[in-house]
Amino acid sequence: MSKKKKQGFETRSIHAGQEADPLTGAVMMPIYTSSTFKQDSPGIHKGYDYSRSGNPTRNALEECMTSLEDGIKGYGFSSGVAAISACVELLEPDDHVIAMDDLYGGTVRLFNEVKTKSQGITVSYVDMTNFENVENALTDKTKMIFVETPTNPLLKIADLEQIANFAKANSILSVCDNTFASSYIQKPLNFGIDIVLHSATKFLGGHSDLIAGVLVIGKDDQELIDKMSNIHNSLGPITSTFDSYLILRSLKTLGLRMERHSENALILAKELTNNNKISKVIYPGLESHPQHELAKNQMNGFGGIVSLEINGGLEASKKFLEKTKIFSLAESLGGVESLIEHPALMTHASVPKSVRDEIGISDGLVRLSVGIESIEDLIDDINQALS
């Protein structure tokens with residue numbers, strides 16, 4: 001293979017940052033549990049001195065994710081929210097953030113209940129599917145645009161290239177939460193976004209057995225990299241060594257899993273479109289989705305999340321949720337097993353009802369994380385729960 005030719009995603013997901021162990025020849029990355037490392041002389045070591053500042057297993061994860069996102073520098077965090085928090089730490093008091101109106105509830109809670117108070121920032125939430133809203137929200141204090149696409153839980157799609165170009169033209173940092181798509185489905189950095197982040201708990205981890213976050217910088221800006229490296233080391237919200245190993249293990253099958261998630265989700269979404277117990281099926285892969293064409297252009301597949309509007313509101317949706325057997329009623333998403341949840345009562349309960357109503361998160365809205373089980377079983381499970 002030519003050195004100039006870029007290896008494929010699946011190859012990099014298995015090998016990037018993961019050379020065989022030079023001491024033993026072990027093919028799999030060892031779990032380096034040591035908190036500290038012996039030095040040859042004061043300040044002279046083999047690249048590691050203390051595991052908060054750097055650990056071989058975590059560094060392998062960071063290198064692999066940097067490769068998969070086509071970025072410059074990656075960081076492993078203890079959770080997705082920790083990665084988001086680190087991004088906001090780049091801001092100064094009185095700085096202004098333009099954020100997507102439909103965000104993960106934990107992100108909204110972090111912004112509204114913590115960062116606006118501890119850092120003195122302000123946040124404007126706008127529907128970025130209409131770009132005029134972004135333009136109208138700009139102030140002379142705006143320093144960051146924070147977008148999530150597809151959004152949680154309404155699966156809105158924002159134009160990443162348009163956002164990136166606008167941010168660059170106005171000297172604003174652009175950040176994208178890529179959790180719902182994963183690195184296989186979407187690469188925001190390739191559209192000009194400065195920073196991409198994930199809750200690695202979800203599709204990257206893929207097995208509902210860890211809590212972690214990942215952030216990758218795509219902007220060739222040494223000052224930005226130095227700032228983030230200092231934040232990461234000083235605050236210490238690092239991915240544990242064992243969780244770093246687990247994510248590396250899971251990334252090896254990310255491409256295969258995301259193809260199956262997407263395949264199952266599309267079949268299920270089409271199957272449920274004509275069900276009289278459901279008033280709306282929301283999925284970017286359906287032609288009925290308002291941003292379907294944009295999703296086709298900027299995504300490699302449509303992901304594993306489907307949202308449904310159940311006829312009958314809260315009581316009908318609760319009865320439906322209580323009756324599924326293969327779909328487990330639980331928070332989170334992105335595991336190989338199918339999950340189902342009620343955003344208004346669960347993941348977005350911290351968002352005031354008035355705001356939920358304005359955004360469109362109704363009491364009848366249900367979010368499915370479609371796993372990789374046999375699709376016939378998933379269809380049967382939803383149909384029996386609806387009946």
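Index from 1, following the sequence. Remember, it's a predicted structure, so these values are computed and weren't measured experimentally.
- For Asp380, there are no side chain to side chain donor-acceptor pair (under 3.5 Å) partners, not counting sequence neighbours.
- Side chain to side chain, Ser328 and Glu337 fail the donor-acceptor criterion of an N or O pair below 3.5 Å.
- Between the side chains of Lys73 and Gln222, not a single donor N or O lies within less than 3.5 Å of an accepting N or O.
- Considering CG of Asn190 and CG of Asp70, their distance stands at 4.5 Å, rounded to 0.5 Å.
- Between Phe302 and His292, the ring center distance clears the sub-6.0 Å criterion.
- Partner of Ile172 under the side-chain contact (heavy atoms from CB on, under 4.5 Å) criterion, out of Ile98, Ile163, Leu138: Leu138 alone.
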Problem - side-chain contact (heavy atoms from CB on, under 4.5 Å) between Thr129 and Gln291, worked out - result: CA-CA 8 Å; Thr129 61; Gln291 294 93 43; 3.7 Å; yes
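- Under the 3.5 Å distance criterion, with hydrogens and angles disregarded, a donor-acceptor pair is assigned to the side chains of Lys202 and Ser199.
- Heavy-atom neighbours of Lys323 NZ from other residues, nucleotides or ligands within 6.0 Å: above the threshold of 12.
- Salt bridge absent: Lys319 and Glu315 never bring a charged side-chain N and a carboxylate O closer than 4.0 Å.
- Using a 4.0 Å cut-off between charged side-chain N and carboxylate O, Lys115 and Glu89 make a salt bridge.
- Note: Lys252 NZ to Glu10 CD = 13.5 Å, rounded to the nearest 0.5 Å.
- How far CZ of Phe9 is from CG of Asn300: 9.0 Å, rounded to the nearest 0.5 Å.
- With Tyr75 as the partner, the side-chain contact (heavy atoms from CB on, under 4.5 Å) test is satisfied by one option alone out of Thr66, Ile225, Val216: Ile225.
- Between the side chain of Thr122 and the main chain of Val97, no donor-acceptor pair closer than 3.5 Å is present.
- Looking at Met228 and Ile217, their side chains come closer than 4.5 Å, going by heavy atoms from C-beta outward.
- Note: Phe166 and Phe131 have perpendicular aromatic rings, judged against thresholds of 30 and 60 degrees for the angle between ring planes.
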Handout entry: Verdict with supporting geometry, Asn55 and Tyr50, side-chain hydrogen bond (donor to acceptor under 3.5 Å, both in side chains)
Key = CA-CA 8 Å; Asn55 175 280; Tyr50 188 61; over 6 Å; no
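- Ring pair Phe111/Phe146: centre-to-centre distance below 6.0 Å.
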Practice task
Show the numbers, then the answer: is there a side-chain hydrogen bond (donor to acceptor under 3.5 Å, both in side chains) between Ser362 and Glu309?
Solution key: CA-CA 8 Å; Ser362 72; Glu309 190 75 44; 2.2 Å; yes
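- Here the CE-CD distance, from Met29 to Gln18, works out to 6.0 Å after rounding to the nearest 0.5 Å.
- A donor-acceptor pair is defined here as one N or O able to donate and one able to accept, closer than 3.5 Å; no such pair exists between the side chain of Ser229 and the backbone of Asp226.
- Remark: side-chain polar atoms of Ser79 are paired, donor with acceptor, to backbone N or O of Ala82 under 3.5 angstrom.
- Residues that satisfy the salt bridge (Lys or Arg N to Asp or Glu O under 4.0 Å) test with Asp209, not counting sequence neighbours, are Arg249.
- For the atom pair CG of Leu204 and OG1 of Thr201, the computed distance is 9.0 Å after rounding to the nearest 0.5 Å.
- Of all non-hydrogen atoms in Ala212 and Leu210, the two that sit nearest each other are CB-CD1, 3.8 Å.
- A donor-acceptor contact shorter than 3.5 Å links the side chain of Thr273 to the backbone of Ala269.
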Problem - side-chain contact (heavy atoms from CB on, under 4.5 Å) evaluation trace for Ser78 with Ile238 - result: CA-CA 5 Å; Ser78 55; Ile238 56 171; over 6 Å; no
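- Two residues are said to be in side-chain contact when any heavy atoms from C-beta on lie closer than 4.5 Å; Ile195 and Leu90 meet this criterion.
- Atom CG in Asn276 sits 9.0 Å away from atom CG in Leu386 (nearest 0.5 Å).
- Taking the side chain as every heavy atom from C-beta outward, Leu308 and Leu365 never approach each other to under 4.5 Å.
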Practice task
Check the pair Arg58 / Asp243 against salt bridge (charged side-chain N to carboxylate O under 4.0 Å, His left out), numbers first and verdict last.
Solution key: CA-CA 9 Å; Arg58 188 175 79 245; Asp243 285 344; over 6 Å; no
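- For Glu223, the CD atom sits in a loose shell: 12 or fewer heavy atoms of surrounding residues, nucleotides or ligands are nearer than 6.0 Å.
- No donor-acceptor pair under 3.5 Å is formed between the side chain of Ser350 and the backbone N or O of Arg109.
- Shortest non-hydrogen contact noted between Arg367 and Ser307 is CG-OG, 3.8 Å.
- Using a 4.0 Å cut-off between charged nitrogen and carboxylate oxygen, Asp101 and Lys156 count as a salt-bridge pair.
- Side-chain contact, Thr324 with Asp381: no donor N or O sits under 3.5 Å from an acceptor N or O.
- Under the side chain to side chain donor-acceptor pair (under 3.5 Å) criterion, no residue pair touches residues 158-172, with sequence neighbours excluded.
- By the 4.5 Å heavy-atom criterion applied to side chains, Asp102 and Asp127 are not counted as neighbours.
- The closest side-chain donor-acceptor pair between Ser124 and His96 falls under 3.5 angstrom.
- For the 3.5 Å distance criterion, the side chains of Ser234 and Asn230 qualify, holding a donor opposite an acceptor.
- The two residues Asn264 and Gly371 come nearest to each other via the heavy atoms ND2-O, 3.0 Å.
- Around the CG atom of Asp220, the shell of radius 6.0 Å holds no more than 12 heavy atoms that belong to other residues, nucleotides or ligands.
- In this structure, the side chain of Asn178 engages the main chain of Gln186 through a donor-acceptor pair within 3.5 Å.
- Counting heavy atoms from C-beta on, the side chains of Leu268 and Leu272 come closer than 4.5 Å.
- His342 places no side-chain N or O within 3.5 Å of a backbone atom of Thr347 that could act as its donor or acceptor partner.
- At distances below 3.5 Å, not a single donor-acceptor pair connects side-chain atoms of Ser262 with backbone N or O atoms of Gly304.
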Problem - side-chain hydrogen bond (donor to acceptor under 3.5 Å, both in side chains) between Asn133 and Tyr125, intermediate numbers included - result: CA-CA 9 Å; Asn133 294 330; Tyr125 298 95; over 6 Å; no
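- For His348 (side chain) and Leu103 (main-chain N/O), a donor-acceptor pair under 3.5 Å exists by modelled atom type.
- When atom types are taken as modelled, the side chain of Ser317 and the backbone of Gly364 share no donor-acceptor pair closer than 3.5 angstrom.
- In this structure, Lys325 fails the cation-pi test against Phe327, since its NZ or CZ atom is not both closer than 6.0 Å to the six-membered ring centre and inside 45 degrees of the ring normal.
- For His261 and Phe203, the ring centers sit closer than 6.0 Å to each other.
- When side chains are defined from C-beta on, Asp177 does not count as touching His198, because their heavy atoms never get closer than 4.5 Å.
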Exercise for the section: Take Ser244 and Thr241 through the test side-chain hydrogen bond (donor to acceptor under 3.5 Å, both in side chains) and record every step on the way to the result. Expected result: CA-CA 5 Å; Ser244 297; Thr241 305; over 6 Å; no
